[in-house]
Structures are given as structure tokens and as C-alpha cells.
There are 2 protein chains.
Amino acid sequence: MSEKLNTEIRQDQFAQAALGLVAAHGLKGLSVARVAHRVGLVPSAVYRHFRGKDELLDAVLDLIRKRLTQNVQKVSDVKDSLECLRRLLLLHAQLIRENQGVPRIIFSEELYSGNPRRQTAVYGIIQGYLKRVAEIIKRGQSDGQIRRDLDASTVSIMFLGLVQPAAVLWQLSDGGIDVTKHVERAWHIFAGCIRAK
Amino acid sequence: MSEKLNTEIRQDQFAQAALGLVAAHGLKGLSVARVAHRVGLVPSAVYRHFRGKDELLDAVLDLIRKRLTQNVQKVSDVKDSLECLRRLLLLHAQLIRENQGVPRIIFSEELYSGNPRRQTAVYGIIQGYLKRVAEIIKRGQSDGQIRRDLDASTVSIMFLGLVQPAAVLWQLSDGGIDVTKHVERAWHIFAGCIRAK
DNA sequence: CCACAATGTGAGCATAGAGTCACAATGAGC
DNA sequence: GCTCATTGTGACTCTATGCTCACATTGTGG
């Protein structure tokens, strides 16, 4: 029998295991049994710490939200707002590279179709991230770094668009495309466009 | 008993039914039984026209490729390359609005994880589309409409990035975001950036 | 050191969905 | 109008997976 650990620790372990499994085998490959096995426990053990698979998935979403928030934190002290955005973009690319599970979960409607509550949750995560990006952009607009005639919200969505398609291609090509390189090139073009003249 | 129709017609019907089902209920809701029911037939009838679910999904992918190719065709006679791109972008947004199944299938790794052949197929569809976009861009570069210092391939991926995140948000918010509006605003910014001065 | 709550286990249930097969109906070509 | 290949049907099997439950084990507070 495995060591007995308290619920919070197990919940964390299960959530991380789940995220890893999605990265490796896709959402389709995410079964309660596999998650348990990855943690070194037996399937039914999962139900000691979650009411069901739904609750487990919620925990995974929470994990993802934390990772995104962390990235924003990491760049929050960069004064130059364009540089701040650039670094956030690179961190984002890195997050995706290091954990393919993140985009797979966020952009797979499998997770929330037929589950309005979770759909709202995912939407909230993305909107939360976008909001923070928009704030950085607005800061750049007030201190004259970024063109004031642009809608911060639109720009923040475009910002996401710098990574997202590249991430999909990277996944599809099994790493045949360098996400970070593309993101750097794209950023160069994009920055030249929103920078105040 | 239902009317007997030949295989090509049935294959088409099943593929379209499948695409519609994905739009309505997500990939998770795509079962052979439902597809059959939507066409007004019984589950086992599907196996008269496809070897299995895999072959059905391949047919759906083919349908999607055709739709994308159609869009490129529709704008192929527009001389002004920036205008050509703008129209293609709007068609793309329209395609997504009218058939949510398209992005859901293309960007859901569920479809191809654990199936290298199909993964390659999806990659091919996107790359094919990107290639055509890149050609339009190169045309714009040679006739002096678009900045020559930009890498056409990078720009084509950015082009995709103008719609993709908006499409995801639109899906997540149940239509709470106007994809076409965002795309128009984003295009305005983007075009100002790649246009030759 | 002991009781008991929390955690881990294995066996088993229920359901959904892919696929098979023998048989029935259809309709196109002769 | 007959024949037969094609297409449609219903009953079925098989497998994967979410989940339950009775029981075993652990370790912590008193």
C-alpha cells in the first residue's frame, strides 16, 4: 500500500499528473485510471480526493490559471511596457513549449462542451489574462510608448494571436516549428506597429 | 426502411452531419450513432459507407479542406493584394461563424492524438492554407503594396492569429464577442503595419 | 498505546459507444 | 419482371471508463 498523504497534496499531484497526461496523450487519453496510475495509486483512490472527474478537471484548470498568473507576475516589475509585453510573450511561448497540456486543455472544447459552468470558468481564465495584458498596454499608452489611437482590448487579443497559431503548428508538426523563433519575429513586426512614433 | 442512395451521396451526407454535430455538441458528442441518426439512418448503416469512424473523420477533414480552398478561390481575382487579404480574412471569420465545427475539429488535438497519419493530414491542410496566404503576401511584396523586409511565412501565420483567438473567445462566450468586428479592427491595425510606406 | 478518522485497495457495476453479422429490402441492369 | 449486387436494419458483442462500496491500512490526537 502506498504512503498516506493528505488531500491537498494528493489533489495537487492528481492535477499535475492529469496535465502531464494531456500533454502526452491528449484529452482523449485522460482517464481517471491513468491519472491514478501516474501518481502511483489505484483508480478508486482518486475518489477519496475528488467527487468525480469533473472536480479533477476543475483542479487542472486552476493549475493553469496559476501558471498564467505567475507569468504576469514575473514581468510586472519591468518598467518599459513594450519590453514587458515582449517578455510576457516569450514566457507564454515557453509555458506552452514546456507544457503542451495547457493549450490543449484551454483550446479543446471537449472540456467544456455540455458543461456551462466550466465553459464560463475557461472563459474567465482567458479574459483574466487578457485583462492584465490590456492593462500593460494601457500603461504603455499613458506613458507614450504605445499608440494612443489603438483599442487596448483589440490589441490584447492580437497579442494572443502572436502565439496561438504557432503553438498549434508546433503541436501538429511535432516540434518541427520553433515557436519562440516565430514569436520573436512576429513580435518584431507587431511592436513596430503599435509603438508610438 | 429508408431510401437507398449510393455510397458517394451517403458519404457526403454523413460527413456533413458529422461536421454539424461537432458544431452543436463538440467532438465529444460525435458518435457514429448520432451521425447516422442525423442522416435518418441506423448506426450500422454507417459501416456500409465507411470502414469505421476513422474513415468518417477523414471525410470530414476533406470537407473542411474544400471549404478553405473555396475561400481562397473566391478572392483570387482581387488584384489589390491587401484588399485580397482583407476579404479572405472576412470570409474566414464568416466560415467560422457559420460552422463552428471547423475550428473545433482543426484545433482539437483529440482528433489526431495517437494517429500520426491524421495529424499529418491536419497539418497539411493548415500548411496548404498558409502557403496560399503567403503567396498573396509575396505578390503584394513584388508589386510594392506590402513591405519587402517582412518574412511572408511569418506574416501568414500572424494573419491566422488575427482570427483564431477571437474565434475561441466567441465560442467560449456563446457569441458574446463579435468575431467579424474584432477581425476588422485587428486587420486595420495589422494592415497599417505591413503596408509599404 | 489506542481509537478513530482519513486514506488506500480490489472487486465489481453501469453505461456508452465502436464494430460485426445475418437477414431484409431495394432498385438498376438484363 | 427477374436477378443480384448494393444498401438498410436490428440484435448482438466487446471494450473502455466513470464510479461505488466493503474492507484494509495508516498515522495522528488524546
Side-chain angles (χ1 to χ4, degrees), chain A residues 1-18 20-22 24-61 105 108-115 117-118, chain B residues 1-18 20-22 24-61 105 108-115 117-118:
Chain A
M1 193 195 242
S2 284
E3 185 186 12
K4 285 172 95 155
L5 294 175
N6 86 43
T7 289
E8 289 114 51
I9 294 180
R10 286 299 191 208
Q11 285 179 341
D12 217 61
Q13 290 182 328
F14 283 131
Q16 286 194 315
L21 269 176
V22 172
H25 308 290
L27 257 186
K28 190 179 59 188
L30 182 66
S31 69
V32 173
R34 283 205 209 199
V35 172
H37 185 257
R38 202 170 226 242
V39 175
L41 294 180
V42 117
S44 56
V46 172
Y47 296 88
R48 288 278 169 231
H49 308 288
F50 296 101
R51 294 174 67 93
K53 196 183 183 182
D54 270 14
E55 222 176 87
L56 169 60
L57 290 176
D58 287 344
V60 176
L61 279 186
I105 284 186
S108 157
E109 99 295 341
E110 294 315 287
L111 190 74
Y112 53 79
S113 73
N115 186 332
R117 184 189 51 74
R118 186 172 308 128
Chain B
M1 193 195 242
S2 284
E3 186 186 13
K4 286 173 89 158
L5 295 175
N6 86 41
T7 289
E8 288 115 52
I9 294 180
R10 286 300 190 205
Q11 284 179 340
D12 217 61
Q13 288 182 329
F14 284 131
Q16 286 194 316
L21 269 176
V22 172
H25 307 289
L27 258 185
K28 189 179 62 186
L30 180 66
S31 70
V32 173
R34 284 206 208 197
V35 172
H37 185 257
R38 200 169 228 242
V39 175
L41 294 180
V42 116
S44 56
V46 173
Y47 296 90
R48 287 277 170 235
H49 309 287
F50 297 100
R51 295 176 66 92
K53 197 182 183 183
D54 269 14
E55 222 176 87
L56 169 59
L57 289 177
D58 287 344
V60 176
L61 278 185
I105 284 187
S108 157
E109 99 294 341
E110 293 315 288
L111 190 75
Y112 53 80
S113 74
N115 186 331
R117 184 188 53 72
R118 188 173 307 129

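Protein chains get the first letters and strands the later ones, always in sequence-line order, with residue 1 at the start of each. Only a predicted model underlies this, so the values are computations on that prediction, with no experimental measurement involved.
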So, does Q11(A) use its side chain to make a donor-acceptor pair with the main chain of H49(A) at under 3.5 Å? yes
Interatomic distance, L61(A) atom CG to Y112(A) atom OH [nearest 0.5 angstrom]: 11.0 Å
Could you please spell out the steps behind the side chain to side chain contact (heavy atoms under 4.5 Å, CB included) verdict for R48(B) and T7(B)? CA-CA 8 Å; R48(B) 287 277 170 235; T7(B) 289; over 6 Å; no
Quick one, which residues of residues 6-17 of chain A touch DNA chain C with a heavy atom under 4.0 Å? N6(A), T7(A), R10(A)
Value in whole Å for how far the C1' atom of dA16(C) lies from CZ of R34(B): 11 Å
Of all heavy-atom pairs between R10(A) and V39(A), which one has the smallest distance, and what is that distance? NH1-CG1, 3.9 Å
Just to confirm, is there a sub-4.0 Å distance from OP1 or OP2 of dT6(D) to any side-chain nitrogen or oxygen of H49(B)? no
Which nucleotides of nucleotides 20-30 of chain D have their base under 4.0 Å from a protein heavy atom (B), which only their sugar-phosphate (S), and which neither (-), written as one string 5' to 3'? BBBBBBB----
With side chain to side chain contact (heavy atoms under 4.5 Å, CB included) as the test, would you mind laying out the steps for I105(B) and L57(B) before giving the verdict? CA-CA 10 Å; I105(B) 284 187; L57(B) 289 177; 5.8 Å; no
Exactly one of I9(A), V60(A), V32(A), L41(A) should register a side chain to side chain contact (heavy atoms under 4.5 Å, CB included) with F14(A). Which one does? L41(A)
Whole Å only: how far is the CG atom of L41(A) from the C1' atom of dA6(C)? 14 Å
Whole angstrom value for the distance that separates P of dA18(C) from CG of L27(B): 12 Å
Heavy atoms only, 4.0 Å cut-off, all strands: where does L56(A) land among base, sugar-phosphate and nothing? nothing
Specify the separation, in whole Å, of atom CZ of F50(B) and atom P of dT20(C). 15 Å
Distance-only, no hydrogens or angles: does the S108(A) side chain make a donor-acceptor pair with backbone N or O of L27(A) under 3.5 Å? no
Applying side chain to side chain contact (heavy atoms under 4.5 Å, CB included), run through D54(A) and N115(A) and close with a yes or a no. CA-CA 10 Å; D54(A) 270 14; N115(A) 186 332; 3.7 Å; yes
Taken to the nearest whole Å, NZ/K28(B) to P/dG18(D) is 12 Å
